[in-house]
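To start, the structure itself, in structure tokens.
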Amino acid sequence: MTDTERINYLEELVEKGSCPALVNDDAGRWALVSDGIQNCPDLDQPTDIHTTFFVEAEKWKPTIREAIDTYMKVRP
């Protein structure tokens, strides 16, 4: 899997209406998640967003690539 394929996958998710988020836990671990809540964005211009994500312990991975690859296995 190349990094270009990973980025293309993320862009395709967004085009299909998903809202994936790559998050870091400040301890060197990464997770790609889409479960959470946020206030409604202004679709016409960028605005401040308050977001909360739900990350289960097993979703934390040591690298960004592994976090994306793990998500891809669950949500192809």
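Nothing here was measured: the structure is a model prediction, and the numbers come from that model.
For residues 40-50, the set of pairs meeting the side chain to side chain donor-acceptor pair (under 3.5 Å) definition, not counting sequence neighbours, is empty.
The minimum heavy-atom distance between L32 and Y71, with the atom names listed, is O-CD1, 3.0 Å. When every heavy atom of V33 is checked against every heavy atom of V23, the shortest pair comes out as CG2-CG2, 4.4 Å. Of all the heavy atoms in W30 and A67, the pair that sits closest is O-CB, 3.7 Å.
The structure places CG of D3 at 4.0 Å from CZ of R65, a figure rounded to the nearest 0.5 Å. From T51, atom OG1 reaches atom CD1 of I37 across 9.0 Å, with rounding to the nearest 0.5 Å. For the atom pair N8 CG and E15 CD, the distance stands at 9.0 Å (nearest 0.5 Å). Rounding to the nearest 0.5 Å gives a distance of 14.5 Å between CD of E11 and CZ of R6. Note that OG1 of T52 is 12.5 Å distant from CG of D35, once rounded to the nearest 0.5 Å.
Within the 4.5 Å cutoff, side-chain heavy atoms of M1 are placed close to those of M72.
W60 and L22 fall into different hydrophobic clusters, where Ile, Leu, Val, Met, Phe, Trp and Tyr residues are linked whenever their side-chain heavy atoms come under 4.5 Å apart, directly or through other members.
Remark: side-chain polar atoms of S18 are not paired, donor with acceptor, to backbone N or O of V14 under 3.5 angstrom. Of the possible donor and acceptor atoms, none in the side chain of E66 sits under 3.5 Å from a partner among the backbone N and O of T63.
Between the side chains of R75 and S34, at least one donor-acceptor pair of N or O atoms lies under 3.5 Å.
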